[in-house]
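Handing you this structure, nothing more for now.
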Amino acid sequence: MQDRNELMERLNRAADTLRRRIGACRPAVGIILGSGLNPLAEAVEDAVHVPFREVPFMRASTADGHVGRFVCGMFAGVPVLMMQGRLHGYEDCSAVDVAFPVWLMARLGIQRLITTNAAGAVNASYQVGDFCIMNDQINLTGRNPIANLDAADMAERFFSMLDCFDPHLRALAHEAAAETGVRVQEGVYLGVLGPSFETRAEIRAFRTLGADTVAMSVCEEVIAARHAGMSVLGMSLISNMACGIQGASPTEEEIREVGASREADFERLMRALVPKVAQAD
Ligand code: HPA
């Protein structure tokens with residue numbers, strides 16, 4: 001059994017390091033950049049870069065295209081802390097490892113989180129290249145970062161996940177999409193552990209369960225953020241149709257290519273969105 005309070009001590013030490021490294025920057029919004037979406041962090045001005053491996057107790061990113069560093073600075077006039085890359089369960093990270101940077105953000109005083117990823121469309125009416133605002137999640141990873149004595153101690157162990165994606169932030173995302181003319185969908189996100197892509201039968205089952213999109217991240221971050229009282233917005237880039245939908249068989253290459261082709265629209269959307277999220281009541 002783990003020592004009680006070990007996680008809290010680790011978080012304190014990690015937060016001290018990160019605070020020291022980012023200096024005077026007081027980030028108002030945390031942004032996690034998923035597969036194919038990492039280039040957005042290059043647009044941060046006056047950026048301070050802190051590789052995950054230089055923060056005590058943070059795991060390093062091993063996924064392709066995930067740079068694996070914090071980028072703190074100004075984006076669209078807002079002080080932000082971006083994660084250029086994230087940690088996934090399929091990289092041998094525990095649910096607590098995945099949640100760790102989200103808890104760090106909360107300790108730095110960040111109350112709003114935008115988490116992004118590339119996802120497969122389970123909903124056949126979606127198109128590759130669309131963005132999709134998450135309106136709920138189905139956690140099929142089989143993991144939960146609060147299922148841990150220390151984590152449970154940080155706030156109420158049992159807490160509601162109703163509206164885990166904040167309705168007001170979702171409305172702001174629609175506003176930003178309308179202003180920029182970027183096509184967005186809104187749907188239910190389903191998270192799996194991976195790293196194998198799903199079978200055709202799994203995708204049929206997920207559709208029956210009510211999922212619109214599927215990927216291998218986000219759920220544990222959202223649970224950690226809600227437990228810490230943060231407001232969360234989730235946004236996927238539809239990088240592919242999920243297995244079997246219109247005959248699809250997803251590949252990593254396709255996900256990367258679609259990410260690259262949607263980079264400019266993602267930046268336009270985020271430039272409109274981030275100031276709204278920062279100013280939200
Ligand atoms: N399945 C799981 N994860 C993914 C997918 C997918 O189709 N696309 C991008 N990440």
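Remember, it's 1-based here, ligands and their atoms both numbered in the order they're listed. Side chains included, hydrogens not; waters and symmetry mates left out as well; all remaining heavy atoms used.
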Q) If you measure only the distance, is there a donor-acceptor pair under 3.5 Å linking the side chains of Q84 and N38? A) no

Q) Quick one: does ligand 1 sit under 4.0 Å from the side chain of V192, the backbone, both or neither, non-hydrogen atoms only? A) neither

Q.
Give the atom numbers and elements of ligand 1 that come within less than 4.0 Å of a heavy atom of M216.
A.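 Counting from 1, the qualifying ligand atoms are 2 (C), 3 (N).
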
Q | V214: numbered ligand 1 atoms lying under 4.0 Å from its heavy atoms | A |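 Near V214, the atoms of ligand 1 are 1 (N), 2 (C), 3 (N), 4 (C), 5 (C), 6 (C).
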
**Q.** Element-labelled atoms of ligand 1 that are located less than 4.0 Å from some non-hydrogen atom of S239
**A.**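 Answer for ligand 1: 8 (N), 9 (C).
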
Q) Is it true that the side chains of R107 and N12 contain a donor and an acceptor less than 3.5 Å apart? A) yes

Q: Check each atom of ligand 1 against the heavy atoms of I255 and keep those under 4.0 Å away; list them by number with element.
A: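 Under 4.0 Å from I255, ligand 1 has these atoms: 8 (N), 9 (C).
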
Q. Please state which protein non-hydrogen atom is closest to atom 5 (C) of ligand 1 and give its distance, to 0.1 Å?
A.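 In this structure, atom 5 (C) of ligand 1 has G120 N, 3.5 Å as its nearest protein heavy atom.
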
Q: Look at E54 together with R69 and state whether they make a salt bridge at an N to O cut-off of under 4.0 Å.
A: no

Q. Any idea which part of N117 is under 4.0 Å from ligand 1, heavy-atom wise: side chain, backbone, both or neither?
A.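 No part of N117 is near ligand 1 at this cut-off.
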
Q) Which of the numbered atoms in ligand 1 are below 4.0 angstrom from a heavy atom of E198? A) 1 (N), 2 (C), 6 (C), 7 (O)

Q) Do T115 and R86 have side-chain N/O donor and acceptor atoms under 3.5 Å apart? A) yes

Q: Do me a favour and list the nearest non-hydrogen protein atom to atom 10 (N) of ligand 1 with residue, atom name and distance?
A: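 Result: A118 O, 3.4 Å.
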
Q) For E186 and N135, what are the C-alpha separation, side-chain angles and deciding distance, and is it a side-chain hydrogen bond (donor to acceptor under 3.5 Å, both in side chains)? A) CA-CA 6 Å; E186 177 168 325; N135 62 16; 3.3 Å; yes

Q.
Under 3.5 Å, is there a donor on one side chain and an acceptor on the other for Q185 and Q127?
A. no

Q.
Could you tell me, atom by atom, which parts of ligand 1 come under 4.0 Å of a heavy atom of N240?
A.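 Counting atoms of ligand 1 from 1, those under 4.0 Å from N240 are 5 (C), 6 (C), 7 (O), 8 (N), 9 (C).
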
Q: Fit a plane to each ring of F131 and F266, take the angle between them on a 0 to 90° scale, and name the class: parallel (under 30°), tilted (30 to 60°) or perpendicular (over 60°).
A: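 If you compare the ring of F131 with that of F266, the planes turn out parallel.
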
Q: Decide whether an N or O pair under 3.5 Å exists between M241 and ligand 1.
A: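 Checking ligand 1 against M241, no N or O pair falls under 3.5 Å apart.
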
Q: Could you check which of A215, S249, S217, A119 puts a non-hydrogen atom nearest to atom 3 (N) of ligand 1?
A: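 Nearest option to atom 3 (N) of ligand 1, by heavy atoms: A215.
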
Q. If you measure from the Lys or Arg side-chain nitrogens to the Asp or Glu carboxylate oxygens, is any gap between R10 and D150 under 4.0 Å?
A.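 Salt bridge: no.
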
